[in-house]
Participant: 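Pasting a structure here, questions to come.
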Amino acid sequence: DTTTQFIDADCIPSEDLVFDIVEDTEGCAFRVDPQAELAFQQARLVYTDRTNRRVELTNCIDSAAVDPFPTDIDTEACDVRHDFDAKTSYERGIITFEANGVRQTFGQCFDTDVTFAHFEDSTGCDFVTDLNTNQAFPTSRTAFSRNGKTVLIDAACEPDKTQAIGLEA
């Protein structure tokens with residue numbers, strides 16, 4: 001008879017077979033919590049069984065062995081977003097953090113709470129004349145002020161047709 005007969009149906013732990021469960025970060029990303037301003041290294045819990053086979057116990061979860069990394073918002077890495085209808089520009093930023101000596105970014109650029117009102121700047125702009133109508137028009141570019149400096153949005157000076165100045169013949 002080749003059937004196996006169990007004397008006891010309850011499994012008992014083997015004192016001789018103990019497997020160390022470790023964290024493995026390979027293939028796991030970071031989880032970022034923007035409200036807490038922290039980035040968490042993720043890891044799988046794994047062990048190697050008695051046949052030297054790797055056994056994964058979990059998917060990627062927050063590591064208990066690696067402290068979370070503080071995050072920053074980098075506004076230099078993102079362009080300012082312009083809303084010409086609202087005459088406002090919006091500062092944009094991206095979440096960054098440093099982990100293991102490497103600067104990481106998370107997500108995409110997003111609007112911060114900082115806005116800049118548009119204004120017309122005539123610095124470096126000349127008048128444009130229309131000899132057919134004997135009128136001159138002042139020109140300007142749309143700009144905003146950031147950290148006390150004027151930032152030009154438009155590259156070219158455009159005439160303001162509402163401010164015509166008559167030319168004398």
Side-chain angles (χ1 to χ4, degrees), residues 4 6-125 140-158:
T4 304
F6 294 99
I7 299 171
D8 189 347
D10 293 330
C11 295
I12 59 170
S14 171
E15 301 289 326
D16 299 331
L17 285 177
V18 176
F19 302 107
D20 291 329
I21 297 172
V22 297
E23 289 188 354
D24 182 10
T25 60
E26 188 70 33
C28 292
F30 290 89
R31 182 182 68 82
V32 173
D33 182 339
Q35 284 72 35
E37 299 179 347
L38 294 172
F40 298 87
Q41 172 67 64
Q42 297 213 304
R44 288 182 182 89
L45 295 178
V46 300
Y47 72 90
T48 304
D49 70 11
R50 66 179 170 211
T51 63
N52 210 27
R53 186 177 60 96
R54 174 189 154 108
V55 178
E56 293 183 4
L57 300 173
T58 66
N59 289 324
C60 295
I61 58 174
D62 290 352
S63 170
V66 180
D67 288 335
F69 303 96
T71 63
D72 296 316
I73 296 175
D74 182 359
T75 57
E76 296 298 318
C78 300
D79 291 333
V80 174
R81 182 176 67 81
H82 308 296
D83 183 341
F84 292 101
D85 292 334
K87 297 184 178 185
T88 303
S89 291
Y90 299 86
E91 178 183 71
R92 294 168 49 78
I94 191 165
I95 295 173
T96 64
F97 58 95
E98 189 170 321
N100 307 317
V102 178
R103 195 86 181 142
Q104 308 273 346
T105 59
F106 175 78
Q108 298 178 355
C109 292
F110 58 90
D111 291 354
T112 68
D113 292 332
V114 178
T115 59
F116 309 101
H118 291 179
F119 62 89
E120 293 301 312
D121 183 74
S122 60
T123 305
C125 296
S140 64
R141 297 180 271 206
T142 304
F144 63 91
S145 180
R146 184 179 196 180
N147 300 326
K149 295 182 181 176
T150 298
V151 178
L152 299 173
I153 298 172
D154 299 327
C157 297
E158 296 291 329

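For the numbers below, each heavy atom of this structure counts, side chains included, while hydrogens, waters and symmetry mates do not.
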Participant: How long is the span from the CD1 atom in Ile95 to the CD atom in Glu37, to the nearest 0.5 Å?
Facilitator: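 So the gap between those two atoms works out to 8.5 Å.
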Participant: Of all heavy-atom pairs between Thr71 and Ala39, which one has the smallest distance, and what is that distance?
Facilitator: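 Distance-wise, the nearest heavy atoms are CG2-N, 3.7 Å.
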Participant: So, taking the atom named CD1 in Ile61 and the one named CZ in Arg44, what distance separates them when rounded to the nearest 0.5 Å?
Facilitator: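 The CZ atom of Arg44 is 10.5 Å from CD1 of Ile61, to the nearest 0.5 Å.
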Participant: How close do Arg92 and Cys109 get, counting heavy atoms only, and between which atoms?
Facilitator: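 Residues Arg92 and Cys109, closest heavy atoms: NH2-O, 3.2 Å.
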Participant: For a quick test of reading the model, state the closest non-hydrogen atom pair linking Ala77 to Ile94 and the distance between them.
Facilitator: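 In terms of heavy atoms, the two residues are closest at CB-CG2, 4.0 Å.
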Participant: What's the separation between atom NE2 in His118 and atom CG in Asp85, rounded to the nearest 0.5 Å?
Facilitator: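 Here the rounded value is 10.5 Å.
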Participant: Would you indicate whether Asp49, at its atom CG, is surrounded by more than 12 heavy atoms from other residues, nucleotides or ligands within a distance under 6.0 Å?
Facilitator: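 It does: Asp49 CG has more than 12 such atoms within range.
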Participant: Looking at every non-hydrogen atom in both residues, tell me the closest pair between Gly93 and Cys78 and how far apart they are.
Facilitator: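 The answer is C-SG, 3.6 Å.
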Participant: Flag the pair Val32 / Phe97 as yes when at least one side-chain heavy-atom distance between them is below 4.5 Å, and no otherwise.
Facilitator: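 A side-chain contact exists here, since the closest heavy-atom pair is under 4.5 Å.
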Participant: After noting the C-alpha distance and the side-chain angles of Thr75 and Thr112, does the key distance pass the side chain to side chain contact (heavy atoms under 4.5 Å, CB included) rule?
Facilitator: CA-CA 9 Å; Thr75 57; Thr112 68; 4.3 Å; yes
Participant: Is Arg103 salt-bridged to Asp74, cutoff N-O under 4.0 Å?
Facilitator: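 No, this pair does not count.
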Participant: Roughly how far, to the nearest 0.5 Å, is the OG1 atom of Thr115 from the CG atom of Asp83?
Facilitator: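 Between Asp83 CG and Thr115 OG1, I get 11.0 Å after rounding to 0.5 Å.
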Participant: Give every residue pair that meets the salt bridge (Lys or Arg N to Asp or Glu O under 4.0 Å) criterion with at least one member in residues 141-157, sequence neighbours excluded.
Facilitator: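 Every pair satisfying salt bridge (Lys or Arg N to Asp or Glu O under 4.0 Å) with a residue in residues 141-157: Glu91-Arg146.
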Participant: Please evaluate residues Gln104 and Thr96 with respect to the criterion side chain to side chain contact (heavy atoms under 4.5 Å, CB included), reporting the C-alpha separation (whole Å), side-chain torsions for both, the decisive distance (0.1 Å), and the verdict.
Facilitator: CA-CA 6 Å; Gln104 308 273 346; Thr96 64; over 6 Å; no
Participant: Measuring from Arg31:CZ to Leu38:CG, what's the distance to the nearest 0.5 Å?
Facilitator: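 The CG atom of Leu38 is 9.0 Å from CZ of Arg31, to the nearest 0.5 Å.
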Participant: Between Gln41 and Thr25, do the side chains contain a donor N or O and an acceptor N or O under 3.5 Å apart?
Facilitator: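 There is no such pair (donor and acceptor under 3.5 Å, judged by atom type) between the side chains of Thr25 and Gln41.
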Participant: With distance as the sole test, does Ser63 use its side chain to make a donor-acceptor pair with the main-chain N or O of Ala43 at under 3.5 Å?
Facilitator: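 Checking the backbone N and O of Ala43 against the side chain of Ser63, no donor-acceptor pair under 3.5 Å is found.
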Participant: Stepwise, does the side chain to side chain contact (heavy atoms under 4.5 Å, CB included) test hold for Leu45 with Glu23?
Facilitator: CA-CA 5 Å; Leu45 295 178; Glu23 289 188 354; 3.7 Å; yes
Participant: What distance separates Glu158 CD from Thr142 OG1, expressed to the nearest 0.5 Å?
Facilitator: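 It is 8.5 Å, given to the nearest 0.5 Å.
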Participant: For Tyr47 versus Leu57, what's the shortest heavy-atom pair and its separation?
Facilitator: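 For Tyr47 versus Leu57, the nearest heavy atoms are CE2-CD2, 3.6 Å.
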Participant: Do the ring planes of Phe30 and Phe69 sit parallel (below 30°), tilted (30 to 60°) or perpendicular (above 60°)?
Facilitator: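 Taking Phe69 first and then Phe30, their aromatic rings stand perpendicular (interplane angle over 60°).
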Participant: Between Val80 and Phe144, is any pair of side-chain heavy atoms under 4.5 Å apart?
Facilitator: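 Yes, close enough: below the 4.5 Å cut-off.
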Participant: Which atom pair, heavy atoms only, marks the closest approach of Ser140 to Cys125?
Facilitator: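 The pair with the smallest heavy-atom distance is CA-SG, 3.8 Å.
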